[in-house]
Amino acid sequence: MKAAVLHQPKTPLVIEDVAIGKPGPHEVLLRTAAVGVCHSDLHFLDGAYPFPMPVVLGHEAAGVVEQVGSEVRTVKPGDHVITCLSAYCGHCEHCLTGHLSLCVEPDTKRREGEEPRLLAKGGPMNQFLNLSAFAEQMLIHEHALVAIRREMPLDRAALIGCAVTTGVGAVVHTARVSPGETVAVIGCGGIGLATINGAAIAGAGRIIAIDRVPGKLELARKFGATDVINAADVDAVEAVRELTRGGVHHAFEAIGLKQTAEQAFSMLRRGGTATVIGMIAPGVKIEIKGTDFLAEKRIQGSMMGSNRFPVDMPRLVDFYLSGKLKLDELISRRMPLESINEAFDELRRGELARSVIMFEH
Ligand code: ZN
Ligand code: ZN
């Protein structure tokens, strides 16, 4: 099958033939229908986070089940599914207390000595986050996917696989925003827009979108932002404090930078909570004022929206089909796998919401 392979950090992906295995007892073989090009892929492509090479990146996908292992009961060939990098073992403390997204047990991977799921011509091919979605087919653990309603378009379903689950989940699971509370979101890319949408679904009172690109701020209004701040023109912290008379209940950082994480904490009102969604580069430390803890301000991380994806994703599909979740507007461009390097160039320029790779089968 055809896949986009990364051989070296900071080099273009190469479309080549990669061999894919047969499903083991708890595995599923998928025909990939669509995959979003996510900023986290770019972090690995640019070498900010080390990963063994060669590797097939991609982790925001939807597809159709082709073949299932002997023990798989939750899906069957022909089912439409969304994949998730939060593969869960089902028996560790995190899983058993409902925090599936924190599971790091290796049970969902193949063991040392077993034939790898992917093979290159000259040797091994690494699977990325249990998924490797920039490929015509995916061979994954049954706990890395969930079946969805047939009427859900698969290109839009793909976005639920990462950005939307991350953004909406940060609001409803990690931060637990209550109706009427005020929210600020720093960064209006795919995840930031999904966070704004999540805040609107959760019933937040005022939703303040912050970015430096006017077009993204316009888009933010469509996703439910009640106010927008262009951080290129004004001090975002000052502006939020002014708009909300003292700060927001919840600030979300959706970029992954030291400066914006610190800003998220600084724009809180007394008792407020900052949630950092963006991936801050290894080694980077953030600084906050110790006295702010006397005002019971909190700062926390959110990994993949603290999801319980087998429950969350079908609900997000329902939200889309009932008009509450905006996905059409999130897709800025659809393209074939061959154009994938263009999608990364666009992501680097930071202008577009999201490109989606479409597969013709
Ligand atoms: Zn992602
Ligand atoms: Zn687990």
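In this text the structure is predicted, and so the values were computed from the model without any measurement. Counting starts at 1 for both ligands and their atoms, in listed order.
Using cut-offs of 30° and 60° for the angle between ring planes, the H59 and F128 rings count as perpendicular.
Using a 4.5 Å heavy-atom threshold, the side chains of Q67 and K22 count as touching.
Protein contacts to the Zn ion (ligand 1) involving N, O or S atoms at a distance below 2.8 Å are C38 SG, H59 NE2, C162 SG. Listed by chain and number, C89 SG, C92 SG, C95 SG, C103 SG are the protein N/O/S atoms closer than 2.8 Å to the Zn ion (ligand 2), with waters left out.
Members clustered with F265: I186, I208, I210, I229, V234, V237, V240, L243, V248, I255, L257, M267, L268, V276, I280, V284, I286, I288, F293, I299, by chain and number, using a 4.5 Å side-chain heavy-atom cutoff among hydrophobic residues. V311 belongs to no hydrophobic cluster, as no Ile, Leu, Val, Met, Phe, Trp or Tyr side chain comes under 4.5 Å of its own.
E181 pairs in a side chain to side chain donor-acceptor pair (under 3.5 Å) with only one of the listed residues (H249, R269, H250), which is H250.
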Inset, instruction - Evaluate side-chain contact (heavy atoms from CB on, under 4.5 Å) for H7 paired with M53, printing each intermediate quantity in order. - result: CA-CA 6 Å; H7 289 276; M53 313 265 155; 5.9 Å; no
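One finds no salt bridge joining R315 and D318 here, because no Lys/Arg side-chain nitrogen approaches an Asp/Glu carboxylate oxygen to under 4.0 Å.
Counting all heavy atoms, side chain and backbone alike, R110 lies closest to G24 at NH2-N, 3.8 Å.
A donor and an acceptor atom, one from each side chain of H99 and R308, are nowhere located under 3.5 Å apart.
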